[in-house]
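A, B, ... follow the sequence lines: proteins, then strands. Residue 1 opens every chain. Everything numeric here is computed off the predicted structure, so don't read it as measured data.
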Amino acid sequence: TQLLEQSPQFLSIQEGENLTVYCNSSSVFSSLQWYRQEPGEGPVLLVTVVTGGEVKKLKRLTFQFGDARKDSSLHITAAQPGDTGLYLCAGGSSNTGKLIFGQGTTLQVKP
Amino acid sequence: SAVISQKPSRDICQRGTSLTIQCQVDSQVTMMFWYRQQPGQSLTLIATANQGSEATYESGFVIDKFPISRPNLTFSTLTVSNMSPEDSSIYLCSVPDRTGLQETQYFGPGTRLLVL
């Protein structure tokens, strides 16, 4: 059974601080997705990474896929209150099209 | 990306009753997925709904409890049957990316269900 361990589960920081969220697995994934979910809404796709060692940047967000495609990280620079939400990583299988989700990280950025 | 709508957006139901959730997509897709998100939790896949065939259920989910219909390539329904308070969750449908990786999925806004 494929599992994705996401950490930390909760993070409360001040505006302007940096943070990193980690997703780790013993399994290899064909891709890794990061989503952000706000209360009352469905998850919104932030990025998909597919190549081992790949780094993608989305404004203040930096996503990295591990060389072995078993882990990923999300780094936010100078967090803002608008970054508050639930961040979810999900490992994908090209064979089945299915996603395995991590437990999620609830981020609160205080002004 | 795809535009996905769900109905109802939320509901409060009595135990023992059933609720059917609708998912509508603005384009034709082969696969649609149904997820459950329990309060404060992450997403768990319930089943994959393919048009023209029976839905494929994940371990721990059965057709009698969560019957699924997929009458065409843009629509699906999930029924939560004989509900109990433990079924209180957000139910989400998703579809794969049509132009990129099939394992990249786009989600509907969710249906928030409270069972009393």
What part of A/Leu99 lies closer than 4.5 angstrom to a heavy atom of chain B: side chain, backbone, both or neither? both

Does any heavy atom of chain A fall under 4.5 Å from the side chain of B/Thr48, the backbone, both, or neither of them? side chain

Are B/Trp34 and B/Phe66 connected in the hydrophobic side-chain network, where two residues link if heavy atoms are under 4.5 Å apart? yes

Check whether A/Ile100 gets within reach of chain B through its side chain, its backbone, both or neither, counting any heavy atom under 4.5 Å. neither

Residue, of B/Pro109, B/Gly40, B/Ser9, that accumulates the most heavy atom pairs under 4.5 Å with chain A: B/Pro109

Drop me the distance from A/Leu45's CG to B/Asp97's CG, to the nearest 0.5 angstrom. 8.0 Å

What I'd like to find out is whether the side chain of B/Gln37 reaches to under 4.5 Å of the side chain of A/Leu86, using heavy atoms alone. yes

Restricting to non-hydrogen atoms, name the atom on A/Tyr35 and the atom on B/Gln105 that form the minimum distance, rounded to 0.1 Å. OH-O, 2.7 Å

Distance-only, no hydrogens or angles: does the B/Ser42 side chain make a donor-acceptor pair with backbone N or O of A/Gly102 under 3.5 Å? yes

Honestly, the part of B/Glu58 sitting under 4.5 Å from a heavy atom of chain A is side chain

Output the distance between atom CD (A/Gln37) and atom CG (B/Leu92), rounded to the nearest 0.5 Å. 6.5 Å

Say you draw a straight line from CD of B/Gln41 to CZ of A/Phe101; how long is it, rounded to the nearest 0.5 Å? 14.0 Å

